[in-house]
Amino acid sequence: MADPLSPGVRDALSLPERSRGPLPCTRVWLVLVGLTLATFLIGEVGQGGLAASLLVLGLALAKGWLVGDRFMGLAGLRGPWRWVIGLWLVVPGTLIATAFVLAA
Amino acid sequence: MTVAALEAPRRYPPGDLAIWIFILAELAVFAIFFAAYAFARVGNVELFDTYQQTLDRRAALVNTLALITSSWFVVRAVAAIRGDDARACARWLLAALAMGCLFLVVKGAEYAHHLGAGVTLSTNEFYMFYLSLTFFHFMHVMLGMVILAAVALKAHRGGYSAAEHTGVESGASYWHMVDLVWLILFPLVYVMR
């Protein structure tokens, strides 16, 4: 029998998919943990510099987008609210990147 | 709720619209703070990079994982109340609160270390930004915990259901905002150099 709920609705409700495996929100949490550990390791082993800083900033923006889209529930919206967190991430993200390029 | 109703695309985010206006105002303030830190660093790169090395990056890692995990617990709490399980909702919120407590303890230990070493807002420009930015966020964590505790108590008393749980979604949205801000603050202040 076909699943009556779309993947988007399942995500919003955090319902398990028909196939066995972790909940969608658990998968997002695991990705966030992985990106956080990557950020930490870059800080620990790297010598810094513009490329590493921009990479770390990119990881942070990706994490922020996941939190807005999946945890805050904006993924299933239509209209301007769908993009509000993404827009917020772009503004300080661009300013921070510009400042680090200027400082390099 | 019918499947057709579930499938209808929503126009507004979960929770009360007023909390979202508040969240956007908070995010705007933090965005200004972040930009101010980054552009202040342009004029004094050596000082910022030198004193950044005095911060405890491992403590910041623990705190990042604590907030991410608390946000995940809050998502589970919202899913529980949508499934009409108020007790489970309250339990997930208590788990999120425990993670919030961990954050406060770790950050408090960091502050104790720095203050014990004689660091103040006027020590230098880096510490001025570090202390003011992180303490401003620290206060938001405390406010978020008060909100989550109030929501958990009401959920425990049966004040929410699958049909009416706007309060749970509003509290959850605020807590995710607190997490979101830290996700930018952590790399900016502790890692990027």
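The basis for the numbers below is simple: all heavy atoms, side chains too, and nothing from hydrogens, waters or symmetry mates. Below, chains carry the letters A, B, ... as their sequence lines are ordered, and counting in each starts from 1.
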Subject >> Test side-chain contact (heavy atoms from CB on, under 4.5 Å) applied to A/L102 and B/R41, step by step >> reply: CA-CA 10 Å; A/L102 290 173; B/R41 180 181 172 276; over 6 Å; no
**OP:** Could you please spell out the steps behind the side-chain contact (heavy atoms from CB on, under 4.5 Å) verdict for B/I68 and A/W29?
**Re:** CA-CA 7 Å; B/I68 286 171; A/W29 173 73; 3.4 Å; yes
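Minimum interatomic distance between B/A38 and A/F100 (heavy atoms only, all atoms of both residues): CB-CE1, 4.4 Å. Minimum heavy-atom separation, B/M192 to A/I96: CE-CG2, 3.8 Å. The heavy-atom pair separating A/A60 from B/L183 by the smallest distance is CB-O, 3.5 Å. Taking both residues in full, the closest heavy atoms of B/R193 and A/S53 are given as O-OG, 3.0 Å, listed atom of the first, atom of the second, then distance. What you find for A/T39 and B/V191 is that their closest heavy atoms are O-CG1, 3.9 Å. Residues A/V56 and B/P187 come closest through the heavy atom pair CG1-CB, 3.2 Å.
Of the atoms belonging to B/A40, not a single heavy atom falls under 4.5 Å from chain A. Proximity to chain B is limited to the side chain of A/I85, based on heavy atoms less than 4.5 angstrom apart. The contact between A/V33 and chain B is made by backbone and side chain atoms together, counting heavy-atom distances below 4.5 Å. Heavy-atom distances place no part of B/L67 under 4.5 Å from chain A, backbone and side chain included. When heavy atoms are compared at a cutoff of 4.5 Å, B/F33 does not approach chain A at all. Contacts of A/T94 with chain B are absent, with no heavy-atom separation under 4.5 Å from either backbone or side chain. Contacts between B/I32 and chain A at a heavy-atom distance below 4.5 Å are absent for every atom of the residue. Neither the backbone nor the side chain of A/V28 comes within contact range of chain B, judged by heavy atoms closer than 4.5 Å. Interface remark: A/L74 contributes side-chain atoms only to the contact with chain B (heavy atom separation under 4.5 Å).
Side chains of A/F40 and B/L65 form no contact here, defined as non-hydrogen atoms less than 4.5 Å apart. Between A/M72 and B/P13 the shortest side-chain heavy-atom distance does not fall below 4.5 Å. The closest side-chain heavy-atom distance from A/L89 to B/I184 is below 4.5 Å.
No side-chain donor-acceptor contact under 3.5 Å links A/R78 to the backbone of B/R10. Between the A/W88 side chain and the B/L27 main chain, a donor and an acceptor come within less than 3.5 Å of each other. Between the side chain of B/H176 and the backbone N or O of A/F71 there is at least one donor-acceptor pair closer than 3.5 Å.
No continuous path of hydrophobic side-chain contacts links B/F34 to B/V42 [ILVMFWY only; heavy atoms under 4.5 Å]. Linking Ile, Leu, Val, Met, Phe, Trp and Tyr residues whenever their side-chain heavy atoms come within less than 4.5 Å leaves A/L87 and B/W20 in two separate clusters. Clustering ILVMFWY residues whenever any of their side-chain heavy atoms sit less than 4.5 angstrom apart, transitively, puts B/L55 in the very cluster that holds A/L37. Cluster membership for A/L50 and A/L61, using ILVMFWY side-chain heavy atoms within less than 4.5 angstrom, is shared. At a threshold of 4.5 Å between side-chain heavy atoms, the hydrophobic network of Ile, Leu, Val, Met, Phe, Trp and Tyr places B/I147 and B/L17 in one connected group.
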